[in-house]
Amino acid sequence: MPDEKNHKDKDWEGFREIDRAIAENRRAKYRWQKAWADPWERRALILAALVAAAFIVYVIIYDGLI
């Protein structure tokens with residue numbers, strides 16, 4: 001059973017940052033960092049922000065608040 005002992009002692013390097021984020025209760029920050037690191041997801045975030053801003057500007061102009 002030495003394989004099981006090595007398996008238990010082995011640190012899951014890929015999940016170390018996630019484990020630390022959960023322990024420090026900073027999961028949202030971790031998700032934003034991961035999303036910003038991915039080029040496609042970064043474009044989606046920028047597009048969503050632009051669409052939200054355009055909608056807010058449209059509502060302000062349409063309601064005559066300016």
Side-chain angles (χ1 to χ4, degrees):
M1 301 235 176
D3 291 334
E4 288 181 14
K5 184 177 180 184
N6 289 339
H7 181 69
K8 289 180 183 177
D9 292 339
K10 184 180 178 184
D11 188 16
W12 288 51
E13 296 174 15
F15 294 109
R16 185 180 306 157
E17 180 64 24
I18 296 171
D19 211 22
R20 191 174 304 136
I22 292 171
E24 296 175 5
N25 198 20
R26 58 179 178 87
R27 290 172 290 181
K29 180 182 175 187
Y30 176 77
R31 278 187 237 140
W32 280 102
Q33 284 177 339
K34 285 296 192 181
W36 195 253
D38 181 26
W40 284 103
E41 211 160 338
R42 182 184 313 146
R43 290 181 189 130
L45 287 171
I46 293 170
L47 180 65
L50 289 175
V51 167
F55 178 73
I56 290 170
V57 169
Y58 169 76
V59 167
I60 290 172
I61 292 172
Y62 184 75
D63 283 343
L65 298 175
I66 292 183

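Just the heavy atoms: all of them, side chains too, but no hydrogens, waters or symmetry mates, feed the values below.
Distance check, rounded to the nearest 0.5 Å: CH2 of W40 to CG of L45 gives 14.0 Å.
Using a 4.5 Å cut-off between side-chain heavy atoms of Ile, Leu, Val, Met, Phe, Trp and Tyr, with links allowed through other members, V59 and I56 fall into different hydrophobic clusters. Under a hydrophobic-cluster definition in which Ile, Leu, Val, Met, Phe, Trp and Tyr are linked whenever side-chain heavy atoms come within less than 4.5 Å, directly or via other members, W32 and Y30 are assigned to different clusters. Under the 4.5 Å side-chain heavy-atom criterion for Ile, Leu, Val, Met, Phe, Trp and Tyr, Y62 and F55 are members of the same hydrophobic cluster.
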